[in-house]
Amino acid sequence: MRARGPAVGRAPVVLLLPALLAVAFLTLPLVALLARTPWSQLADRLTSEAVLQALRLSVVTSLAAVAVVAVVGVPLAWALARLDFPGRSLVRALVIVPLVLPPVVGGVALLSAFGRRGLVGAPLDAAFGVTLPYTTAAVVVAHIFVALPFFVLSVEGALRATDREFDVVAATLGASRWTTFRTVSLPLAGPGLLAGLVLAWARALGEFGATITFAGNFPGTTRTMPNAIYVELQTDPDAALVLSVILMAVSVAVLALLRDRWFDVAVQGAVRR
Amino acid sequence: MSEPFLDAHVVVRRPGHLLDVHLEAQRGEVVAVIGPNGAGKSTLVRALAGVLPLTDGLVRCAGETWEEPGRGVRVEARRRHVGMVFQQGLLFPHLSALRNVAFGPRSRGEPRRRADEAARGWLERLGVADLAERRPAQLSGGQAQRVAVARALAGDPRLLLLDEPLSALDVGVAAALRLELARHLAGHDGVSLLVTHDALDALTLATRVLVVDDGRVAQDGPPDEVARRPATDHVARLVGLNVLRGTSEGTTVRLGDGSLLVTAVPARGEVSAGFAPSAVTLTTEEPVGSARNRWRGTVTSVVPYGASVRVHLDAVGGLIADVTPPSSARLGLTPGTTVWAAVKATEISVYGRDTGLR
């Protein structure tokens, strides 16, 4: 194995060995998953109503969550990247908390807020008779809660990476901040925005702990793919394997597609244009 | 005299820095702001543009008060109608040259077609119309800076601010663009402010030079005067440059007094010829060397200047020469001494004159 850059000597075994171990550790479970999967049953399982239902629900809820995340996340990222206001670091810290919070704790927190007797949930129930928990909407809310931080951090980083002087240029050319945001900042942060969307979507698609805690696990309304895997693992491990492989395939396929199609185009666009 | 077109008293106080600069300018004036790094030149420009708030003072331009903290007046940068050219160009990397130039008119509400038309016109004037569809990354430094100038001018600015527009370019490219800039600055009917740390820019492009040092105006006057009679040692160091004006034909420049100046690079029309004081050699007898430009003159002043001695002569309207103290002593240089000054043609740079090349 050759070290990159100038030939400064052999790569030390002390570093290489743990690195290889890490790679093996990360790949082995995935290989095992593929090896154990009952491929002959794949077609049947795939078309079974339960799987299709879970898959459909997962796709719909994760995409809905990503849409909301984008609508509120971009402005938040912009504010964090471009505005100087007191307590900005506090806001950023608050945004990061769900990132490190155990998802199940997030679910409990969501229940405390939006549950039937929650801080917001109780008045909501009293005034409109609306209860959120254990509905498909709750799945989306759980997804938003865990995916938003990924997105905001990614977009904020992208916005910070674009030269703030461009804002100055745009201002001297007569552009309002809104125009500048639309026509300059956002396009320049495009690749970061896309990466953020993919990250958020992947996070939402795989979300389990907060979802099952806050939304439950009802077939058709809140049983997303991860929830279905959890159920099947206790009754029918083969089914769990098949579902896992499907989820893995969907994730990898979309990531690969985005990488090849949009990422490269977007990145080239920003760098080479 | 009528109220000046630009009337500014820029006071910006920041920890460890104070900028306190008075500046008045009439329509059509090109004011070079020159000074060492950290003198506050960029702060001045950004304050005038409105992207950096004044601590005190006022900015009035074209009969409008843009900023006056004492009265709580502050017009946003985007409503000031300034044009700005930055050292690094700062073209929007995701937009074509055309879209970059059309950005200003579009932001100010022009319909797309009219904005594009105007942008095309400006690209043409800057000689880069054929590059309209290119992205900034596909432009050379000089081309990009031309587009940047077009973008700044496309808004028909009342105040054109150029912050070291040539300093990031290769010498040759800078020289070509300097010539071009001279034309556009002379044609601009608002006030142009050119920030530079290059005496050559200041003396060849400007109608007035404002020397800023340590946040204050060290000198304010016509280029010739500032170059020949710098107010302080510091100014002398900054703008110490001989500039002769004349009409060029091939490698010969006919100067105002009818004498001829030989240069190495051919040029045509009204030019400024510049050379450093250190390029001038002084002798007591008429020199017989390779230097083809020789003048006889009387020493008007001899002042120590850094490690050398700066000598002023009355030849060709005033020459500056830097010599070493031993040479000065050997030549017996005192005011009144008659000496010969010589400059090699290869030491002379030739530039289009500020008002010429129309």
Side-chain angles (χ1 to χ4, degrees), chain A residues 70 74 77-79 81-86 88 154-197 258 261-273, chain B residues 42 45-52 75-97 99-110 112 115 119 133-139 147-148 150-163:
Chain A
V74 170
W78 179 82
R82 286 291 194 275
L83 298 184
D84 293 308
F85 57 90
R88 182 173 60 182
S154 164
V155 176
E156 190 202 341
L159 284 171
R160 279 184 184 282
T162 67
D163 199 335
R164 265 183 99 155
E165 282 291 283
F166 285 127
D167 288 19
V168 171
V169 178
T172 64
L173 291 170
S176 65
R177 285 199 98 160
W178 170 237
T179 303
T180 305
F181 167 76
R182 272 189 306 115
T183 58
V184 179
S185 309
L186 208 54
L188 287 180
L193 190 86
L194 219 72
L197 285 175
L258 283 185
R261 283 281 170 77
W262 300 349
F263 269 149
D264 285 5
V265 172
V267 169
Q268 275 172 14
V271 175
R272 214 174 291 158
R273 277 203 271 239
Chain B
S42 290
V45 163
R46 297 172 83 86
L48 290 173
V51 293
L52 187 79
V75 176
E76 280 185 288
R78 69 185 179 104
R79 301 194 194 281
R80 290 192 182 192
H81 283 261
V82 296
M84 207 159 164
V85 179
F86 300 79
Q87 180 180 349
Q88 323 85 316
L90 288 180
L91 293 176
F92 299 123
H94 61 301
L95 300 178
S96 66
R99 294 252 77 81
N100 261 284
V101 180
F103 190 94
R106 283 290 287 151
S107 298
R108 300 202 157 97
E110 292 268 351
R112 194 174 174 128
E133 300 311 321
R134 294 232 192 138
R135 307 260 184 204
Q138 300 167 317
L139 300 173
V147 175
R151 181 173 69 173
L153 287 170
D156 193 20
R158 287 175 274 194
L159 183 58
L160 180 64
L161 303 165
L162 304 107
D163 193 354

Query - A/Thr180 portion near chain B, given a 4.5 angstrom heavy-atom threshold - result: neither
Report task. Supply the atom-to-atom distance A/Leu173 CG to B/Phe92 CZ, rounded to the nearest 0.5 angstrom. Result -> 5.5 Å
Query raised in the report: Are the charged groups of B/Glu76 and A/Arg177 less than 4.0 angstrom apart, N to O?
Result: no
Query raised in the report: Which atoms of A/Thr183 come close to chain B, meaning under 4.5 Å heavy atom to heavy atom: side chain ones, backbone ones, both, or neither?
Result: both
Requested in this report: Carefully, step by step, assess B/Arg46 and A/Val168 under the rule side chain to side chain contact (heavy atoms under 4.5 Å, CB included).
Outcome: CA-CA 9 Å; B/Arg46 297 172 83 86; A/Val168 171; 3.8 Å; yes
Query raised in the report: In Å and rounded to the nearest 0.5 Å, what is the CG to CG distance from A/Leu188 to B/Leu95?
Result: 8.0 Å
Query raised in the report: What part of A/Asp163 gets closer than 4.5 Å to chain B, counting heavy atoms only: side chain, backbone, both or neither?
Result: side chain
Query raised in the report: Side chain, backbone, both or neither: which part of B/Leu91 has a heavy atom under 4.5 Å from chain A?
Result: backbone
Report task. Report the residue from B/Val85, B/Val51, B/Leu90 that forms a side chain to side chain contact (heavy atoms under 4.5 Å, CB included) with A/Val169. Result -> B/Leu90
Query - Candidate pair A/Val184 and B/His94, rule side chain to side chain contact (heavy atoms under 4.5 Å, CB included), full reasoning - result: CA-CA 8 Å; A/Val184 179; B/His94 61 301; 4.2 Å; yes
